[in-house]
Amino acid sequence: MKVSLLRNVMIAGTPKSAGSIVDVDQHIGDMLIGIGKADAVVEACEAPIAEPVVEETVESNDFASMTKAQLEDFGHTIGLELDRRLNKTTLIQQIEEAISTNEVT
């Protein structure tokens with residue numbers, strides 16, 4: 001256990017100065033805290049940061065209900081540059097091909 005010393009103390013025959021943080025056995029730390037010569041040191045826990053999982057699951061029939069602008073926007077989300085001047089069927093084919101081959105840049 002780690003404690004922050006409030007006063008000068010002698011630990012295991014070694015003098016320790018006030019303000020220092022020392023690592024001691026649990027029972028020694030409890031005793032020092034109990035007699036007012038130390039405070040417990042709470043160590044920060046580094047918990048892993050959860051990454052949100054985003055899955056793009058769009059079926060081909062969903063593409064048919066989208067506008068060309070929406071198809072172009074969807075293409076951008078998967079890294080595909082689409083030309084809105086092409087017809088809708090061609091745009092859908094390009095998206096489906098990119099998804100099936102995983103050649104999205």
Quick check: do Lys16 and Leu5 have side-chain heavy atoms less than 4.5 Å from each other? yes

With rounding to the nearest 0.5 Å, note down the distance linking CD1 in Ile95 to CG in Leu71. 4.5 Å

Is it possible for you to say whether Phe63 and Leu86 belong to one hydrophobic cluster, with membership spreading through side-chain heavy-atom contacts below 4.5 Å? yes

From CG (Leu91) to CZ (Phe74), nearest 0.5 Å: 12.5 Å

More than 12 heavy atoms of other groups within 6.0 Å of Lys68 NZ: yes

Value rounded to 0.5 Å, distance of CG in Leu32 from NZ in Lys37: 8.0 Å

Only pairs at least two apart or in different chains count here, so list each side chain to side chain donor-acceptor pair (under 3.5 Å) that has a residue in residues 81-93. Glu72-Arg84, Asp83-Arg85, Asn87-Thr90

When clusters are formed from ILVMFWY side-chain contacts under 4.5 Å, directly or step by step, what else is grouped with Met10? none

Donor-acceptor pairs are to be reported for all side-chain atoms of residues 17-25 against protein atoms at under 3.5 Å, with residues two or more places apart or in another chain.
unit_1, atom_1, unit_2, atom_2, d
Ser20, OG, Ser17, O, 2.7
Asp23, OD1, Met1, N, 3.4

For Leu80 and Ala98, which heavy atoms make the closest approach, and how far apart are they? CD2-CB, 3.8 Å

Ignoring hydrogens and geometry, is there a side-chain-to-backbone donor-acceptor pair from Gln70 to Thr67 under 3.5 Å? yes

Quick one: pull up NE2 in His76 and CG in Leu82 and give me the separation to the nearest 0.5 Å. 7.0 Å

For side chain to side chain contact (heavy atoms under 4.5 Å, CB included), just list the numbers for Leu6 and Asp39, CA-CA rounded to whole Å, side-chain angles, deciding distance to a tenth of an Å, and then say yes or no. CA-CA 7 Å; Leu6 302 174; Asp39 283 332; 3.5 Å; yes

Test: side chain to side chain donor-acceptor pair (under 3.5 Å). Region: residues 1-15. Which pairs qualify, not counting sequence neighbours? none

Same cluster or not: are Val9 and Met31 linked, directly or through other Ile, Leu, Val, Met, Phe, Trp or Tyr residues, by side-chain heavy atoms under 4.5 angstrom apart? yes

